[in-house]
Structure formats: C-alpha cells, structure tokens
Amino acid sequence: MRSASEHDKVEGFPVHFALNLVLVSSESRSKVLLAMARSTSKDAQALLHSFRSAYAATPTNLKIIDLYVGFAVFTALIQIAYIAIVGSFPFNAFLSGLLSCIGTAVLAVCLRIQVNRENKEFKDLPPERAFADFVLCNLVLHLVIMNFLG
Amino acid sequence: MAASETSKETILRYAFGNVLSFFILVLIGVLAFSIRLFSVIKYESVIHEFDPYFNYRVTQYLTKNGIYDFWNWFDDRTWYPLGRVIGGTVYPGLTLTAGTIWWLLSSLNIPLSVETVCVFTAPIFSAFASWATYLLTKEVKGAGAGLMAAALLAMVPSYISRSVAGSYDNEAVAIFALIFTFYLYIKTLNTGSLFYATLNAIAYFYMVCSWGGYTFIINLIPMHVLLCIVTGRYSSRLYIAYAPLVVLGTLLASLVPVVGFNAVMTSEHFASFLVFIIIHVVALVYYIKGILSPKMFKVAVTFVVSIGVVVCGAVLAVLIALVASSPTKGWSGRSLSLLDPTYASKYIPIIASVSEHQPPTWPSYFMDINVLAFLVPAGIIACFSPLSDASSFVILYIVTSVYFSGVMVRLMLVLAPAACIMSGIALSAAFDVFTRSIKFQLPGATENSERDAGETSSNSVVAQNDVAKTEKNEDAVKERPSKKNRKKEKEKENVEKPSVKSQIKKKLLILPLEASIIAIFLLVLLGAFYVVHCVWAAAEAYSAPSIVLTSHSHDGLHVFDDFREAYAWLSHNTEVDDKVASWWDYGYQTTAMANRTVIVDNNTWNNTHIATVGTAMSSPEKAAWEIFNSLDVKYVLVVFGGLVGYPSDDINKFLWMVRIGGGVFPHIKEPDYLRDGQYRIDSQATPTMLNCLMYKLSYYRFVETDGKAFDRVRRTEIGKKYFKLTHFEEVFTTHHWMVRIYKLKPPKNRIRGRAKKSKSKASSTTGTKRIGTKKKNPWH
C-alpha cells in the first residue's frame with residue numbers, strides 16, 4: 001500500500017480522482033471506489049452517446065451495408081454455437097458455411113470502403129464498378145462454397 | 001501550340017515505347033523458351049530424372065481415362081501391398097495443365113503425343129513466368145525495370161535447372177503461378193480494386209494446385225501485411241488486398257484434395273488467420289478514430305484495452321494449450337526442417353537423405369544466380385528510394401527467400417525470381433542515372449531541357465505517380481468546374497515547384513559524361529558475362545536427362561542407356577503382375593517405363609515400408625529373401641556404377657538404407673557396417689558389410705570383368721570376390737553393368753529332412769552353422 005504520487009495519473013480519468021487515491025480510512029476508500037465506478041459509467045455513457053451520434057450521420061446506403069455485415073456475422077456466430085452443441089461432422093460443410101458468412105461479411109466491408117464517399121483513395125471509382133466487383137467476387141465465393149459444401 | 005505539339009510528341013513517344021516493349025517481351029519469351037531446349041538438341045526429347053516420370057505416368061492416365069477417373073484413382077502398382085491414393089496425394093496443377101494443353105491441341109487436330117506436351121510444358125511456362133516478372137516489376141518500379149527483370153529471369157540458371165525441356169516437375173508451372181500471384185497481390189495493393197483481389201485468389205488457387213511451396217505465399221503475404229501495419233502504412237487498399245484473399249484462399253486451398261482440411265488445421269496457415277484478425281482490429285480502430293472526436297477516442301481506447309486484454313489472454317491461452325498438446329506443435333516435418341535446419345537430421349532421416357534437401361554451398365550461389373548475387377544489394381537500396389508498399393513487399397520477399405535458400409538447395413529456385421526483380425530494379429536505376437547524365441550533357445541538351453522539363457520530370461520520377469497524373473491532366477483537355485481548376489492550378493504550382501526543385505537536384509546528381517559512357521559500357525559487358533554464363537550453364541550443367549549418360553573419351557562419344565535397357569527388359573520379360581523391389585529412387589521410373597508394380601517409390605510417404613526395404617538390402621541373403629518373399633517380390637533391381645564409374649549407385653547410397661532401416665528395425669546398426677568409422681567395401685570391410693545383400697547383388701561375378709574386381713567409383717579392389725548366390729539368381733545385367741536384375745529363387749519343393757553334408761550346389765559363404773538344428777531347412 002503506497003500513497004499516490006504525481007506520476008500515478010490514470011489516463012482518461014479526471015485528474016482529481018487520481019489524487020484522491022490517498023487511503024485514509026475504509027469509508028473514504030469505498031466512497032472513492034463508488035465515485036470511480038460512477039465516473040466510468042458516465043464515461044461509458046458519454047462514449048456510447050458520441051458514437052451513436054457520429055454513426056447517425058453516416059449515409060443510408062452505408063448503414064444498409066453495415067446491417068448486412070452484422071447479419072452475416074450473426075449467422076456465423078449461430079453456426080459456431082451449433083458446432084459447439086452438436087459437433088463438427090461433416091467438417092467440410094461447417095467450414096464452407098462459416099467461411100461463406102465470413103466471406104460475405106469481408107466482401108461487404110470492402111464494398112463499403114469503396115463506396116464510402118469520404119474515402120479519399122476511391123473518389124474516382126464509380127460505385128457501380130465497385131458493386132460489379134462485389135458481385136463478381138461473391139459469385140466466385142459462392143461457386144467455391146457450393147462445390148465444397150458436399 | 002507548343003502544348004499540343006509536346007502532347008503529340010509524348011503520345012507518339014508512349015506509343016513507340018509500348019510497341020517496342022511489346023516486341024522486347026516477345027523476344028524475351030522466345031529466349032526463355034529456346035535456352036531450355038539444349039537437352040532436346042543434345043540428347044533427345046525425353047523426360048528427365050525421377051519425379052517427372054511419375055507426373056508423366058499420371059498425365060498419361062489422365063489423357064486416357066478422363067478427369068473423373070483421375071480424380072478418384074487408386075494406384076495399386078506402387079507401394080505394394082499398400083497402394084497409393086493418387087487423387088488425394090498428388091498436386092494436380094501440373095498434370096491438369098499439361099492434360100488441358102494436350103486436349104486443346106488434339107481438339108484442334110494438332111496431333112502431339114502426350115510425351116511431347118509434357119517435355120515442352122516447362123519451357124512454355126518459363127516464358128509465361130518471365131512475362132509475369134515483367135508485370136510484377138512494372139508494378140513495383142516501372143516498365144524499364146520490368147523489362148530488365150524479365151530478361152534476367154528468362155536466363156537465370158537456377159530456374160533453368162528445374163525447368164529445362166524434359167524436366168516435367170511441379171516447379172515448371174509453380175514458379176509461374178508464384179510470380180503471377182505476387183503480381184496480382186501487388187496490383188490489388190496498388191489499385192485497391194476488388195476485381196484484382198478475386199483474380200489474386202484464383203491465381204493462389206492455381207498455385208496451391210501446383211506445388212507444396214504455396215505455404216511460402218500464405219506466410220509471406222501476412223508477414224508483409226503485418227509489416228505494413230507496424231510501419232504505419234495501413235490503408236483500406238491493404239484491407240481489400242488481404243482480407244478477401246484469406247477467406248477465398250483458404251476455401252480454394254481446402255478444395256484441393258492433397259491439402260484438404262490442412263488449410264485450417266496446420267500451423268503453416270495460422271499466420272494468415274492471426275494477421276486476418278489483426279487487420280480487422282486495426283481497421284476497426286481506424287474507423288472508430290475517424291468517427292469519434294479525439295477525446296472520446298482516448299476514452300474508448302482505455303475501455304477496449306482493459307477489456308480486450310483479458311479476452312485476448314484467455315483466447316491465447318486456449319490456443320497455446322491446443323497447439324502445445326501436439327508433439328510437433330502442428331507443423332509438418334518438412335516445414336519444421338525448414339525452420340530448424342538441424343531438425344531433419346536428428347529426427348527424420350528420410351527427409352535428411354534427399355539430395356535436394358541438403359544446404360547449398362557458396363559456389364552454388366554463384367553458379368545459380370551469378371551476377372545477380374551482387375546486384376541484389378543495390379536493388380534493395382534502390383527499393384528504398386522511395387519506399388512504397390510494393391517495394392517493401394519485394395524487399396521482404398528477397399530476405400525470406402535468401403534465408404530459405406540457405407537451408408535447402410531446392411529452394412534456390414524461389415530465390416531466383418526475387419533476385420531477378422531486385423537486379424532488374426538496380427540495373428534499371430543505374431542505366432537511368434547514366435543515360436540521364438549523358439542526356440543532360442549532350443550539346444543540344446540545354447535548349448530541349450526547358451521544353452522537356454515537364455516530360456523528363458514525369459518520366460524519370462516513375463514512382464511519384466501524382467506528378468505524372470497532374471502532368472497528364474494538364475495535357476488532356478477536360479471539362480471541369482472552375483473551383484477544381486483553381487485547385488488544380490494551385491496543386492500544379494505546388495507540384496511544379498518541387499518538380500523543378502527535383503529537376504535541379506537531379507541535374508546536380510548527374511555524373512561526368514565520360515564516366516557515364518564508360519559505366520554504361522561496363523554494365524553492358526556485365527550483362528554479356530551473365531548471358532555467356534547462363535548459356536553455358538544451360539548447355540553443359542543442367543541439360544543432362546540423367547536417364548541417359550554420355551561421356552567423351554578419346555574414341556568418341558559413349559552413350560550409357562542402361563536404365564532404359566533394364567526397364568525395357570523388365571517390361572518384355574516379366575509377367576504384368578510381377579513385383580519389383582529396388583531402392584525408392586527408382587520407383588517412379590520403374591512404374592512409368594517398365595510398367596511393373598514396385599514396393600517403394602520416390603513419394604516416400606511411408607517410412608516403415610522404406611525401412612523394410614532398407615533392412616532387406618542390409619541383411620544377409622536368407623533374411624533378405626524372407627523379407628522380400630513376405631512382400632511377394634519377384635525381382636530385385638540394383639544400380640551399380642563400379643564398372644563405368646557412375647557415382648550415384650546403390651553402394652554409395654547404402655548407408656542411407658542402413659540408417660533408415662535402423663531407424664525402424666533396431667537390429668540393423670550402422671557401426672556394424674563401418675570399419676573404424678569408415679565406410680569401405682574392400683578387404684578391410686566388416687563381415688556384416690561383406691555378407692549383406694546389397695554387396696552381394698552389386699558385386700556378383702564382378703571379378704569376371706577385369707580379373708581384379710577393381711571398383712572404379714570407390715577406387716579399390718573389392719573385399720569378397722568369389723562367391724555364389726543361394727537365394728537369388730541373376731537374370732539380367734545391362735551392357736555397362738549399371739543395372740542388375742535378380743530373381744528370387746522359389747523355395748525347394750521337397751524338404752530333405754535333416755541337413756545332410758555341406759556339399760550342396762548353392763553353398764553360400766556365409767558359413768552358417770547348422771550343427772544340431774532341428775529346424776526344417778528347405779535349402780539343404
């Protein structure tokens with residue numbers, strides 16, 4: 001147990017709470033911890049709020065792609081839960097199912113990167129071309145999946 | 001007016017340059033094809049070595065029976081009595097490629113035999129490989145470097161050695177697939193296009209089909225991605241280049257039967273999955289950083305770090321426990337022997353015994369990549385100015401391939417394209433400096449320099465694409481809103497100032513005129529030395545088919561065609577179902593040319609089976625007969641070079657037989673065959689050595705050749721000269737005694753009860769004592 005000194009600052013927390021880590025009695029200790037917990041929850045709420053407000057500003061087509069990505073990942077998680085419960089036979093079916101979910105998620109993220117108008121590197125790529133590439137890659141992916149599914 | 005004239009001139013120059021480089025590429029392709037034809041000219045159009053015969057046999061089967069039968073083929077003519085699942089253990093890329101070419105040609109009514117197609121597949125694909133090198137180096141540094149690298153790769157001896165006409169092995173197409181995959185990866189990285197990412201995955205699939213060395217790609221690319229992330233070069237193009245490749249690539253790799261589920265279960269692929277997770281984390285971090293304000297971002301970081309560390313620790317602990325529970329930590333034997341060069345010699349003598357797995361000597365570097373060996377460091381430096389994603393990839397490629405080539409001589413082949421790319425970059429940069437020095441110091445230079453200011457700065461600064469882009473946009477007339485025009489003019493001003501500055505800097509960098517002329521002449525001379533060496537290496541060193549040997553003596557050319565003589569004898573004078581036992585080197589050739597079932601062959605997948613044959617070769621005659629009889633063997637084939645001086649015969653390989661046999665059957669001990677640690681077959685040899693089957697089968701009746709039984713390879717007279725064989729009989733010896741075939745004697749029909757006098761016809765000189773034995777002995 002040592003007293004807090006000047007270089008015991010914890011990043012992200014307000015400074016005066018760090019200084020208040022001097023332990024005088026158990027009561028003040030619990031009070032300090034409670035205050036810390038409250039501050040972290042307040043920070044979490046502030047974080048979530050700012051994240052939500054920033055995300056609300058993204059255009060609708062990007063939100064649709066994000067929804068698609070979320071759905072693919074959710075399907076993958078369901079498959080993993082299934083394999084945990086039931087077992088992994090036949091393995092190639094599991095592998096192709098899981099990789100198809102991850103594959104469509106990755107390709108959708110690539111599409112989102114290319115279609116996002118804030119992205120400087122792709123500003124002269126027409127979104128139709130991006131979508132055509134996306135469709136082509138998905139075709140190849142699903143051809144392989146159907147072959148491997150057995 | 002001046003602008004349109006210069007634009008016409010530049011367009012003309014570009015057109016002329018493109019046509020010229022097209023013709024140069026065609027010439028490079030023709031060069032790559034024709035330099036590999038020495039073996040066809042000096043010998044004949046025949047398949048070389050050992051492994052290509054297996055590939056040839058598989059291609060024959062494919063062309064005769066079609067792809068479904070090939071995919072499901074179970075071969076019972078090899079590894080008797082185990083057989084081999086060809087469909088599941090062969091890399092199908094090469095055979096499918098050659099089969100497709102044959103089928104295409106025959107459907108066009110061009111009747112080439114399968115053997116011709118197989119022999120010439122390698123030169124054709126080496127031409128493709130040099131074009132792929134051009135494309136790859138063009139992506140890294142520019143068209144000049146690309147042409148240089150392509151010309152170097154067309155001739156580099158290390159690649160010629162494995163792709164000469166007749167060398168129908170996996171590397172013939174695999175090197176092309178390797179370079180092409182790398183090219184598509186760099187192209188995707190430079191352009192960020194998902195189309196090229198798809199093509200990259202398909203090219204990677206072709207590479208997985210072709211060669212086991214695909215693990216090099218699937219470890220090098222994640223290493224490069226990690227390098228880019230760590231050095232702060234993460235961009236969304238990196239994500240597009242890498243993430244689809246991992247998913248599609250893993251799926252496509254599992255499609256190939258020989259890889260199957262290894263694509264997700266062996267440690268060779270774990271690096272790609274790890275970097276896959278890392279790049280997603282990094283991408284998420286960048287995305288959140290872009291959305292949130294900096295203060296909020298810091299709060300998010302603390303949260304994620306505190307939670308994420310706990311989760312990551314748990315996952316990592318589970319993973320490490322899983323991997324550590326397997327004895328080899330999930331790596332295959334071959335990969336482990338690459339990472340730890342001493343692993344194979346300690347644990348797996350078969351891998352250590354393959355001649356291609358030995359580490360190379362220093363002279364072999366100068367033999368195989370010659371002049372490139374000291375152009376590579378210059379190329380590495382040239383890649384650093386400026387450092388881009390593509391050039392960092394090539395640097396990583398050369399460093400890793402230099403390490404692996406030092407472990408195994410076979411992997412000098414992977415070093416060759418990297419060395420050519422680096423040397424091409426170095427030579428092109430050197431020529432660039434010298435020609436620019438000459439150009440700026442020629443008499444009419446100063447007037448043209450101002451007019452060409454735009455062009456030269458955009459032509460010479462190849463890697464700075466934005467400069468070229470602004471110049472091109474200035475030349476092309478397009479409709480743009482005024483705001484963009486103003487921005488462009490400001491950009492152009494800002495760019496022109498540094499371009500003028502860089503031009504002035506470049507003027508200061510030029511060398512004196514005489515020095516540059518001499519330097520160019522010397523570089524051309526260097527290239528000439530390289531060409532001369534490559535042609536010599538291709539003609540003299542790497543064209544030998546090793547199934548036909550030649551020697552020049554005072555009375556002309558001697559041709560030793562003993563191998564084919566022996567296989568032809570086997571195919572004409574034995575039954576179709578007879579089994580032939582020999583050391584594993586000759587298995588492929590025996591099945592392909594003699595069409596007989598063999599016990600072990602070059603695939604070496606079953607160590608115990610090979611150890612059984614090795615034990616049989618190291619045992620005395622009776623024990624060997626027992627072992628061979630249990631395997632239904634009818635004929636034993638032995639290669640002997642003592643009469644003509646052929647150094648790769650079975651007596652020289654015999655110690656490996658002892659070691660591999662002793663690894664499984666402990667009664668075979670290597671010191672029993674050595675006298676004072678020395679391996680000898682003369683009068684000082686140990687009795688175990690003089691009584692073993694290999695000695696007897698090699699030297700039976702050898703004394704009849706010159707009366708003294710002088711072995712030309714070991715350079716000594718042999719120890720035991722007069723002996724008879726009890727359990728084997730000689731059926732064929734080739735013209736130069738290089739291949740000797742023996743038949744197992746059947747056991748006698750009648751057993752005459754107790755052993756009688758020792759005066760029997762086939763008394764062996766093993767001196768076995770039979771006093772008081774009550775065992776029924778069919779031989780006496």
Side-chain angles (χ1 to χ4, degrees), chain A residues 10-13 40 42-44 46-58 66 88 91-92 94-96 98-107 109-114 116 118-122 125 129-145 147-148, chain B residues 188 190-202 205 235-256 260-261 263-265 273 276 279-280 283-284 286-293 295-307 469:
Chain A
V10 179
E11 206 188 285
F13 289 101
T40 44
K42 231 179 23 182
D43 278 333
L47 179 66
L48 276 173
H49 181 73
S50 73
F51 187 70
R52 208 175 292 156
S53 61
Y55 187 67
T58 58
D66 288 342
S88 71
F91 193 62
N92 58 327
F94 160 68
L95 212 58
S96 62
L98 185 71
L99 284 177
S100 84
C101 294
I102 298 183
T104 46
V106 161
L107 291 178
V109 171
C110 292
L111 177 68
R112 188 192 198 278
I113 289 174
Q114 289 185 329
N116 195 358
E118 294 168 17
N119 212 335
K120 296 285 178 300
E121 286 169 353
F122 292 103
L125 181 73
R129 169 69 197 263
F131 186 68
D133 288 343
F134 169 73
V135 167
L136 174 73
C137 208
N138 262 321
L139 266 175
V140 171
L141 175 72
H142 286 95
L143 189 69
V144 176
I145 297 278
N147 192 3
F148 196 48
Chain B
T188 316
N190 280 343
T191 60
S193 154
L194 201 55
F195 173 66
Y196 281 111
T198 318
L199 288 181
N200 188 15
I202 296 178
F205 174 54
S235 64
S236 42
R237 286 173 290 120
L238 190 70
Y239 181 84
I240 295 180
Y242 182 64
L245 173 69
V246 168
V247 179
L248 264 177
T250 310
L251 266 175
L252 286 168
S254 346
L255 272 187
V256 181
F261 295 147
V264 290
M265 304 229 280
F273 300 141
F276 186 65
I279 200 176
H280 275 95
L284 201 65
Y286 270 86
Y287 171 67
I288 293 185
K289 196 185 221 177
I291 282 197
L292 293 179
S293 63
K295 186 171 74 102
M296 283 286 106
F297 180 63
K298 262 197 222 148
V299 174
V301 162
T302 50
F303 259 147
V304 169
V305 162
S306 50
I307 300 178
K469 247 192 225 166

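Note that this is a predicted model, so its numbers are computed, not measured. Just so you know, these numbers use all the heavy atoms, side chains as well, and skip hydrogens, waters and symmetry mates. In what follows, chains carry the letters A, B, and so on, assigned in the order in which the sequence lines appear, proteins first and then strands, with residues in each chain numbered from 1.
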Item to check | Residue pair B/T198 / A/D133, side-chain heavy-atom distance below 4.5 Å | outcome: no
Checklist entry - Are the side chains of B/F276 and A/I102 in touch, meaning some heavy atoms are under 4.5 Å apart? => result yes
Most chain B-contacting option - heavy-atom pairs closer than 4.5 Å, from [options]:
options: A/A57, A/C137, A/S96, A/A130; result: A/C137
options: A/T58, A/L111, A/V109; result: A/V109
options: A/L107, A/L136, A/V144, A/V140; result: A/V144

Checklist outcome for this item: Residues at least two apart in sequence or cross-chain that pass ring-ring contact (aromatic ring centres under 6.0 Å, His included) with A/F94, listed by chain then number, are A/F91
Checklist outcome for this item: Looking only at heavy atoms, the pair that brings A/V106 and B/A243 closest together is CG1-CB, 3.5 Å
Item to check | Exercise: identify the closest heavy-atom pair between B/S193 and A/Q114 | outcome: CA-NE2, 3.9 Å
Heavy-atom contact with chain A under 4.5 Å, split by part of [X]:
X: B/Y287; answer: side chain
X: B/T191; answer: backbone
X: B/F195; answer: both

Which bit of [X] is near chain B, if near means a heavy-atom gap under 4.5 Å: side chain, backbone, both or neither?
X: A/N92; result: both
X: A/R112; result: side chain
X: A/I113; result: side chain

Item to check | Interatomic spacing from CG in A/L99 to OG in B/S254 - rounded to 0.5 Å | outcome: 7.0 Å
Item to check | Nearest-0.5 Å distance that lies between atom CG in B/L248 and atom CG in A/L141 | outcome: 5.0 Å
Checklist entry - How about A/Y55: does its OH atom have over 12 heavy atoms from other parts shown lying under 6.0 Å from it? => result yes
Next on the checklist: Is it the case that atom OH in B/Y239 sees more than 12 heavy atoms from other parts of the structure closer than 6.0 Å?
Outcome noted: yes
